[in-house]
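Inspection log for the structure reproduced underneath, given as structure tokens.
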Amino acid sequence: MERDTVYFEEFLGREKFQYFIDEDSSLVKSGSYAFTSELYNQLLSNELTQLEIDGKYSNNRFEGVWEYKLFELEVELLKIRDGRTVVLENNLDGIERTARLNYKQGKPEGAWKIENIIITSNRKSQETTGGTINFKEGTAIGNFSFDDPKDRNFVRGTLNEEGFLEGELTIRFVRDGDEIKEVRTFKDGFLLKLSKFNETEGKLEAEIFYKDVQSQLEDADGRIEDINFTISEEGFGIGFQNGYNLGDEKLTEQEEGNEKINIILNRYKRFATGLVNERDEPQFNLTRRFKFVYPEEEEDIIRDVQPRLNIMLEEFNDFLSNPQFILNRDRIDSLPYVFGFIDHSRKRVQDMLEVIEQMEDGFFDFLYRPNFYPNGLTGLNQPSTFTYEENGKEEEAEYDLGVYVDSGFDLISQIAEVTEVLRERTNELLDFSFMEIRIFDEQATIDSLDSDIVQLKTRADALYSFLQEIPADRTFEEMPLDYRVYRVIHNNTLVRLQDEYLDAEDYEEKVAKGEELTCMLQYLIDQHDEILYIEEMPERLDKTFTRFSPNPFFERDIETKILPNIYGKGTGPLFQSYAENLFESSSCKSLQSNLEKFRKLEDRLKELAKRSDSEEVVRLDRALRRENIPNRIERLLNL
């Protein structure tokens, strides 16, 4: 079968392969395969690539030798040469990459060879870069090598039957013009020694002995302190790790060589990825690690500590983001320190949670934790300090919980101990802060009430002419209603409420008295015009209950009073009773209720005046003739 317009990764081209149809009527690739791509020109560039592939299939799986040829070129257009044939002159520079990869039933098997040929001005270089590595059932084993004469780089090493580095691995490369030789010694995938020579300067740059690894390999019972370990079956690539922290030279001195090895491995992998149903990707084990089995009781500790740390973290975040605390931080002396302590503790809780998450994710399964945390957790392994801002200046304070996370071995048990102490310490500070802010808020509320009471009383005194003396020719009863109402309520109720407010020691009681006092004062101020209006009620109603009819003998109309008993009793005894009740108002609610009675009375009398001709209203007027008791008058008027 031949097919055009076939995509092979980013390449477009033509493929040709042999196949048969199985009993399920499915196409099964079997036999030769070939793919040739078109020239691939990257957009807005002079870069050209082309891929050629030749191989064989057996039952839809790669089988035998597969050959790849990849051109990666940059074209420089020079000129057009005109003649019988028009020719475009150009220069081609780049690389011809080739690979011969062996497969057996889709698994890498046997020798894999890669080669790079430099192309300069259309000519292939005599020097080639290449390497060989062998596979068994998909895993790289045996001797391997890679040479790059142009850049003076090469690698030599040996993999045992399981694919792990054994003996010496030699890496040569050039750094800033200096030739560097690095030799690593392995035993069954474990790194024992690393030496690095600067051959240009003739000096030894580094020599590191991995004594921790040697000691663990020699340990007969597979146990370090109380931690059991075994040897991993998995491979971990070229980077060797045994729980070293990121700044440890046992890691950092590997970086240069690891980069060179990974570049070489990627040159093999680039021709061996994709088509996962038709072939397996090559497996490069290279290094092993110890697999550690930590004490079972640590799992119980983690189940107990982790939720507590999460709750603490949530509480700290709530406190640090609480607007009330943020706004008052600089107004209450102790809050800046508490903010700094809680924020520093929040970071330490996050550190402890990170360790626990690493444990749960299996991070330390192949990394000896005491090596990774040789001195425990930074910030919690010894007394330290934290900073906080106070009055625009940065201050420093001691941070010492008295217990520490300073052992990589006892890390989890120490985290549990620190968690308990930290919880107690921060609970005290949070409780103290809430108490401080409550006291501050309570005092702010009292101060606000004090101010409101003074301002409202000053306004009410002026509005009701409280400071005015009664003229000598008048009695108290002859003074305006608003004057009398305010003076009586002031002397009987406002003074009492003010004394109770000032004497109250309980905050809730004090606020209640203050709010009652301000409510009455504010209501009296708001209703001043209404009280003046009430005083004129009898006069207004007198007009409502007056009727005029034509006088046949005089020009002036005849004036007649309607419903005299309804009017007289409503504006007489009942009005006077309502006024006395108003004087006796002892709370804001009763004051409001007593004023409302006047409004209802006036509305009711006006309504009856409109229905003065009604027999029902006339009977009511007769019924009120002999009534003088306010309660009975109120009941008869249906108030």
Side-chain angles (χ1 to χ4, degrees), residues 301-357 376-406 412-450 501 504-515:
I301 295 173
I302 287 174
R303 280 194 294 270
D304 176 61
V305 169
Q306 189 175 30
R308 292 163 59 195
L309 286 172
N310 281 319
I311 291 171
M312 288 169 62
L313 185 62
E314 185 176 345
E315 289 177 346
F316 295 164
N317 286 328
D318 287 345
F319 172 80
L320 296 171
S321 61
N322 188 318
Q324 192 176 28
F325 288 104
I326 293 173
L327 291 174
N328 291 297
R329 179 169 56 184
D330 296 327
R331 302 173 68 185
I332 301 176
D333 292 341
S334 58
L335 277 187
Y337 170 87
V338 175
F339 256 79
F341 188 94
I342 296 297
D343 186 48
H344 190 75
S345 298
R346 175 180 61 85
K347 296 172 185 175
R348 303 289 75 82
V349 167
Q350 288 175 329
D351 291 343
M352 290 188 285
L353 280 171
E354 182 179 337
V355 173
I356 289 174
E357 288 168 5
L377 275 179
T378 303
L380 287 172
N381 56 359
Q382 61 183 355
S384 59
T385 60
F386 67 93
T387 59
Y388 62 95
E389 187 174 317
E390 186 174 27
N391 298 324
K393 295 173 60 180
E394 189 175 89
E395 304 289 345
E396 186 175 83
E398 183 183 51
Y399 190 83
D400 187 2
L401 300 176
V403 291
Y404 310 104
V405 184
D406 55 5
I412 299 302
S413 60
Q414 289 184 340
I415 283 177
E417 187 176 3
V418 166
T419 298
E420 181 61 25
V421 173
L422 183 59
R423 184 187 63 81
E424 293 176 359
R425 188 77 57 86
T426 53
N427 279 353
E428 291 174 1
L429 287 176
L430 291 175
D431 290 344
F432 173 77
S433 298
F434 279 103
M435 180 186 68
E436 286 284 282
I437 201 71
R438 185 173 65 251
I439 292 172
F440 183 84
D441 284 347
E442 289 177 356
Q443 187 57 51
T445 301
I446 299 302
D447 292 344
S448 178
L449 280 173
D450 287 347
Y501 168 74
E505 294 184 359
D506 178 74
Y507 170 73
E508 300 295 337
E509 180 186 359
K510 194 176 188 71
V511 170
K513 296 296 182 183
E515 289 177 346

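Quantities reported herein were computed from a predicted structural model and do not represent experimental measurements.
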Checklist outcome for this item: Y388 and A397 have their tightest heavy-atom pair at CE2-CB, 3.9 Å
Next on the checklist: Quick check on the 6.0 Å ring-centre criterion: do F341 and F316 meet it?
Outcome noted: no
Next on the checklist: Quick test of your reading: applying side-chain hydrogen bond (donor to acceptor under 3.5 Å, both in side chains), list the pairs with at least one residue in residues 393-404, sequence neighbours left out, ordered by first then second residue.
Outcome noted: S345-Y399, D400-Y404
Item to check | I356 side, atom CD1; D351 side, atom CG - distance, nearest 0.5 Å | outcome: 11.5 Å
Checklist outcome for this item: Across all chains, not counting sequence neighbours, the salt bridge (charged side-chain N to carboxylate O under 4.0 Å, His left out) partners of K510 are none
Checklist entry - Once you round to the nearest 0.5 Å, how far does CZ of F386 lie from CG of D343? => result 10.0 Å
Item to check | Separation of L377 CG from R348 CZ (nearest 0.5 Å) | outcome: 8.5 Å
Checklist outcome for this item: Interatomic distance, CG@D318 vs CD1@I342, rounded to 0.5 Å, equals 12.0 Å
Checklist entry - How long is the gap from CD1 on I311 to OG1 on T419, to the nearest 0.5 Å? => result 12.0 Å
Next on the checklist: With no hydrogens and no angle check, just 3.5 Å: does a side-chain donor-acceptor pair link D406 and Q414?
Outcome noted: yes
Checklist entry - Does the pair L401 and L380 meet the rule for a side-chain contact (heavy atoms from CB on, under 4.5 Å), with working shown? => result CA-CA 8 Å; L401 300 176; L380 287 172; 4.2 Å; yes
Donor-acceptor list for residues 301-308 side chains, cut-off 3.5 Å, not counting sequence neighbours:
unit_1, atom_1, unit_2, atom_2, d
R303, NH2, D300, OD1, 2.2
D304, OD2, R308, NH1, 2.8
Q306, NE2, E360, OE1, 3.2
R308, NH2, E420, OE1, 2.5

Checklist entry - What closest approach, in Å, do L353 and L313 show between heavy atoms, and which atom pair accounts for it? => result CD1-CD2, 3.9 Å
Checklist entry - Taking atom CD of Q350 and atom CG of N310, what is their separation to the nearest 0.5 Å? => result 10.5 Å
Checklist entry - Looking at side-chain heavy atoms only, is the closest gap between T426 and F319 below 4.5 Å? => result no
Checklist entry - Any side-chain heavy atom of Y507 sitting closer than 4.5 Å to one from I446? => result yes
Next on the checklist: Restricting to non-hydrogen atoms, name the atom on G379 and the atom on S384 that form the minimum distance, rounded to 0.1 Å.
Outcome noted: O-OG, 3.7 Å
